[in-house]
Number of protein chains: 2
Amino acid sequence: MSISLGKGRPREAGRGIPDATVARLPVYHRVLVSLSEAGVQTVSSEALAAKCGVSSAKFRKDLSYLGSYGTRGVGYDVSYLTYHISRELGSAQPWGVVIVGIGNLGRALISYRGFTSRGFAIVGLVDNHPDVVGESITLSELGNLVALKVRPLVELETIVGATKAQIGVIATPADCAQGVCERLVASGIRSILNFAPVVLEVPNGVEVRKVDLAVELQILAFHEQRRGYEPEAMNA
Amino acid sequence: MSISLGKGRPREAGRGIPDATVARLPVYHRVLVSLSEAGVQTVSSEALAAKCGVSSAKFRKDLSYLGSYGTRGVGYDVSYLTYHISRELGSAQPWGVVIVGIGNLGRALISYRGFTSRGFAIVGLVDNHPDVVGESITLSELGNLVALKVRPLVELETIVGATKAQIGVIATPADCAQGVCERLVASGIRSILNFAPVVLEVPNGVEVRKVDLAVELQILAFHEQRRGYEPEAMNA
DNA sequence: TCAACTTTGTGAAGTCGGGAACTAACGCCT
DNA sequence: AGGCGTTAGTTCCCGACTTCACAAAGTTGA
C-alpha cells in the first residue's frame, strides 16, 4: 500500500475513512447492485454482511463512517445505500482511464464487464509494438459499443491531455513500467494502477496501487506449505 | 482477505509469521532476485527496503520472524537471504496450478513471465467454450517450451487428480465462479485464487484469495475524488 | 589488540483495526 | 396509544501491526 498522503493524517473531524473501510466499500457496492438487480429493496446488515464475507459489526461500523443511511428495526434501502456508497467512492462521475500495454492483460481489462458500469470510461489505449498500434478495439461504453484505436507510445502525453484522463493503468512488461509511469506523471496523472512486477518510484502526491498476480499465488503457496506441517488441525 | 484459518491463531512458539509480513515477503524475494541478476552480492536493510518501498525498520522486523540471516556492520548476503525467503515461501518446491477460464485474463496469466521462475508450474488449462477447448497453448516450463491443450470443464476433477495440482485459479466470468470453485474444492484443491468479482463460499480449511481489478480502480478513484476537495495540500 | 564505525536485531511504546456488547430508534401488533 | 421485537449506530476493549530507539555484534583501520 504505497500511499504518500493520508496515512499519518489524524482523521480530521468526521470525514476521513480508514483505508481498510475504503477497500471494502467497492465490495459492498457490487453486492448491493446485484441485490438490486434481483429485485431486493431492503436488506439488513446481517444479511448483506454475510453476502460480502464480513461480519455484521464490521459492516455497520464501516457504514457509520459515511453517515446514517439505515433504518433501525428495518435495515437499509438498497438503492438509497447504493447511491451513497457510489457517491462516496466517486463512481457518480465517470473517471477517464488510459491503459498502457495492450497485451493479454490489457485486453482482459478492456473486456472486463462491469468496468464501465462502475463509473470508469476507457478513453485511451497505448502500446509500443508496431503490430498492435493502429488496431481497432471495440469496447462497450455506457451501453453502446465504441471502437478505439491503439495509439503509439509517443502520443501518450497528447492523449492524456486531450481526454483529461485521471487514471493510468500500466499493463506493460516490467522493464517498461518505470518509464511509462514517469511519462504518465508528467502528463498530469496522479492515480496509477500498476500490474508490472516492479516497485514504481513516484513523486509526492501521486498514488500508486499495485497488483502482482504472482505475489498472490506466493501467499497462497506459503499457507499451503505451512498447512502441510499440521495436516488436519482444523476441527473447529 | 478471506481466510478462515490462521487469523485468530495465537502465533504459537516462534514460528508463526504475521500475515502482513507474509504479504511482503514475495516483494523482498523479487527485488533480491533482480539485485542478484545485477551482480550485487551484499545489501543493507536500508538500501533493500528503499527498493521494496518499505521502511528499513519494518523490513528488519519482517526478516526477524524468519531468523537471523544478516551480518551486523555489513548487511545481508543477497543469495543467502534469497534462499531463505524462498524456502519460507515454499518456492523451493514447484506448485501445480490449474487455470480455469482461458479468456484474455487466463492467457495473461499463462504468458506472465516470472510465473514459473517463482516456483509455479501450470499443469492444467480448463475452459467450457467449444471454440477454446482443444486449443494448444505454448508455455515455458522450467526453461523449455511445453504445449498444453485446453481441456473441457467436465475433465476438471480428472486433471486435478492426475496432476496433483495444489492451487486453482478462477479466471471465469462471475456467474461460473462459484460452480467452478465447488468443483475445485471437491477435487481436493485447498488454495484458490479468484479473479471473478464474486464472494466465493468455501468450507473451512480452504483458503481463497481474491483479486478484483475494478475494486483497485475504485479505491484509486476514491482517493482521487478526495484529493479534489483539498487541491494542493501536499507541501511536505 | 583496541577503538571507532556501521548495521543488525529487538524491546517497548504508540496506533490502527476488529469484535462483542450495549443503547437507541423504528415499525408492528395489540 | 403503548409495549414489544428487531436492527442500526456507537462505545469499549483487545490484539496485531508499525515505528522508534537502543543495544549487541561484527568489521575495519591503526
Side-chain angles (χ1 to χ4, degrees), chain A residues 1-4 6-12 14 16-25 27-28 32 40-78 80-81 84-85 219 236, chain B residues 1-12 14-25 27-28 32 40-50 52-78 80-81 84-85 219:
Chain A
M1 191 169 295
S2 50
I3 305 174
S4 52
K7 185 62 181 176
R9 196 162 38 177
R11 186 158 309 164
E12 66 263 17
I17 302 177
D19 287 343
T21 296
V22 173
R24 284 187 292 267
L25 287 182
V27 179
Y28 301 159
L32 279 167
V40 179
Q41 295 195 340
T42 302
V43 67
S44 71
S45 67
E46 197 76 38
L48 187 47
K51 281 188 180 295
C52 297
V54 300
S55 74
S56 64
K58 199 191 291 187
F59 175 80
R60 289 199 300 274
K61 183 179 286 195
D62 282 343
L63 285 196
S64 76
Y65 291 114
L66 310 189
S68 295
Y69 300 127
T71 307
R72 304 187 189 211
V74 179
Y76 299 90
D77 181 85
V78 171
Y80 187 63
L81 184 57
H84 279 289
I85 290 182
I219 296 172
Chain B
M1 189 170 294
S2 52
I3 305 174
S4 51
L5 175 71
K7 187 59 181 179
R9 197 161 38 178
R11 185 157 311 162
E12 64 262 20
R15 300 190 63 84
I17 302 176
D19 287 344
T21 296
V22 173
R24 285 187 292 266
L25 287 181
V27 179
Y28 301 159
L32 278 166
V40 179
Q41 295 195 339
T42 301
V43 68
S44 71
S45 65
E46 197 76 37
L48 188 46
C52 297
V54 301
S55 74
S56 65
K58 198 191 288 188
F59 175 80
R60 288 199 300 275
K61 178 149 290 243
D62 282 343
L63 284 196
S64 76
Y65 291 114
L66 311 189
S68 294
Y69 300 126
T71 307
R72 303 186 189 213
V74 178
Y76 299 88
D77 180 86
V78 172
Y80 187 63
L81 185 57
H84 279 290
I85 291 181
I219 296 173

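Order of the sequence lines fixes the chain letters, A, B, ..., with proteins taken first and strands second; residue numbering starts at 1 for each chain.
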Participant: A:L63 has an atom CG; how far is it from atom P of D:dT7, in whole Å?
Facilitator: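 So the two atoms are 16 Å apart, to the nearest Å.
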
Participant: Near DNA chain D, which residues from residues 66-75 of chain A have a heavy atom under 4.0 Å away?
Facilitator: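 Nucleic-acid contacts, sorted: A:S68, A:Y69, A:G70, A:T71, A:R72, A:G73, A:V74, A:G75.
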
Participant: Please give me the minimum heavy-atom distance between A:S56 and A:A49, naming the atom from each residue.
Facilitator: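 Where A:S56 meets A:A49 most closely, the heavy atoms are CA-CB, 3.6 Å.
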
Participant: Which nucleotide wins on minimum distance to the side chain of B:A57, given the candidates D:dC20, C:dG18, C:dT8?
Facilitator: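 From the listed options, D:dC20 comes nearest.
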
Participant: Pairs counted as Watson-Crick or G-U wobble with both distances under 3.5 Å: what dot-bracket string results for DNA chain C, using | for bases tied to another strand?
Facilitator: ||||||||||||||||||||||||||||||

Participant: Quick check on C:dC26: is either OP1 or OP2 less than 4.0 Å from any side-chain nitrogen or oxygen of A:Y76?
Facilitator: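 For C:dC26, neither OP1 nor OP2 has a side-chain N or O of A:Y76 closer than 4.0 Å.
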
Participant: Parallel, tilted or perpendicular, judged at 30° and 60°: which one describes the rings of A:H84 and A:Y69?
Facilitator: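 Parallel, since the angle between the ring planes stays under 30°.
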
Participant: Does the side chain of A:L81 reach to within under 4.5 Å of the side chain of A:V43, using non-hydrogen atoms?
Facilitator: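 No; the side chains remain at least 4.5 Å from each other.
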
Participant: Would one find a side-chain N or O of A:S55 under 4.0 angstrom from OP1 or OP2 of C:dG19?
Facilitator: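 So the side-chain polar atoms of A:S55 do come within 4.0 Å of the phosphate oxygens OP1 or OP2 of C:dG19, strictly under.
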
Participant: Can you find a side chain N or O atom of B:R60 that sits less than 4.0 Å from OP1 or OP2 on D:dT18?
Facilitator: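 For D:dT18, neither OP1 nor OP2 has a side-chain N or O of B:R60 closer than 4.0 Å.
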
Participant: Of all the heavy-atom pairs spanning A:V78 and A:T42, show the shortest one and how long it is.
Facilitator: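 Residues A:V78 and A:T42, closest heavy atoms: CG2-N, 3.9 Å.
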
Participant: Please report the C-alpha distance between A:L25 and A:L66 in whole Å, then the side-chain angles of each, then the deciding distance to 0.1 Å, and finally whether the side chain to side chain contact (heavy atoms under 4.5 Å, CB included) criterion is met.
Facilitator: CA-CA 10 Å; A:L25 287 182; A:L66 310 189; 4.1 Å; yes

Participant: Could you give the CZ-to-C1' distance, from B:F59 to C:dT10, as a whole number of Å?
Facilitator: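 It is 16 Å, rounded to the nearest whole Å.
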
Participant: Quick one, A:L63 and A:I85 - any side-chain contact, counting heavy atoms below 4.5 Å?
Facilitator: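 Yes, their side chains come closer than 4.5 Å.
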
Participant: Output all residues satisfying ring pair (Phe, Tyr, Trp, His ring centres under 6.0 Å) with A:Y28, sequence neighbours left out; order by chain, then residue number.
Facilitator: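 Result, ring pair (Phe, Tyr, Trp, His ring centres under 6.0 Å) vs A:Y28: A:F59.
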
Participant: Would you indicate, yes or no, if D:dT7 has its OP1 or OP2 atom less than 4.0 angstrom from a side-chain nitrogen or oxygen of A:S44?
Facilitator: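 So the side chain of A:S44 is outside the cut-off, no N or O lying under 4.0 Å from OP1 or OP2 of D:dT7.
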
Participant: Round to a whole Å and report the spacing from CG of A:D62 to P of C:dG19.
Facilitator: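 To the nearest whole Å, that distance equals 11 Å.
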
Participant: Quickly work out the B:D77 CG to D:dT27 P distance and round it to whole Å.
Facilitator: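 Going from B:D77 (CG) to D:dT27 (P), I get 13 Å.
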
Participant: So, is B:R24 close to the D:dT18 phosphate, meaning a side-chain N or O under 4.0 Å from OP1 or OP2?
Facilitator: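 Looking at the OP1 and OP2 atoms of D:dT18, one of them is under 4.0 Å from a side-chain N or O of B:R24.
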
Participant: To the nearest Å, give me how far apart CG (A:D19) and P (D:dC17) are.
Facilitator: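 Distance, rounded to whole Å: 16 Å.
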
Participant: Check whether any side-chain N or O of A:K58 sits under 4.0 Å from OP1 or OP2 of C:dG19, and answer yes or no.
Facilitator: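 Looking at the OP1 and OP2 atoms of C:dG19, one of them is under 4.0 Å from a side-chain N or O of A:K58.
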
Participant: Mind calculating the distance between NZ (B:K61) and P (C:dA13) to the nearest angstrom?
Facilitator: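 The answer, rounded to whole Å, is 13 Å.
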
Participant: If I take atom OG from residue A:S55 and atom NZ from residue A:K61, how far apart are they, to the nearest 0.5 angstrom?
Facilitator: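 NZ of A:K61 is found 9.5 Å from OG of A:S55.
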
Participant: Hey, could you give me the OG/CZ distance between B:S44 and B:R60, rounded to the nearest 0.5 Å?
Facilitator: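 It comes to 9.5 Å.
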
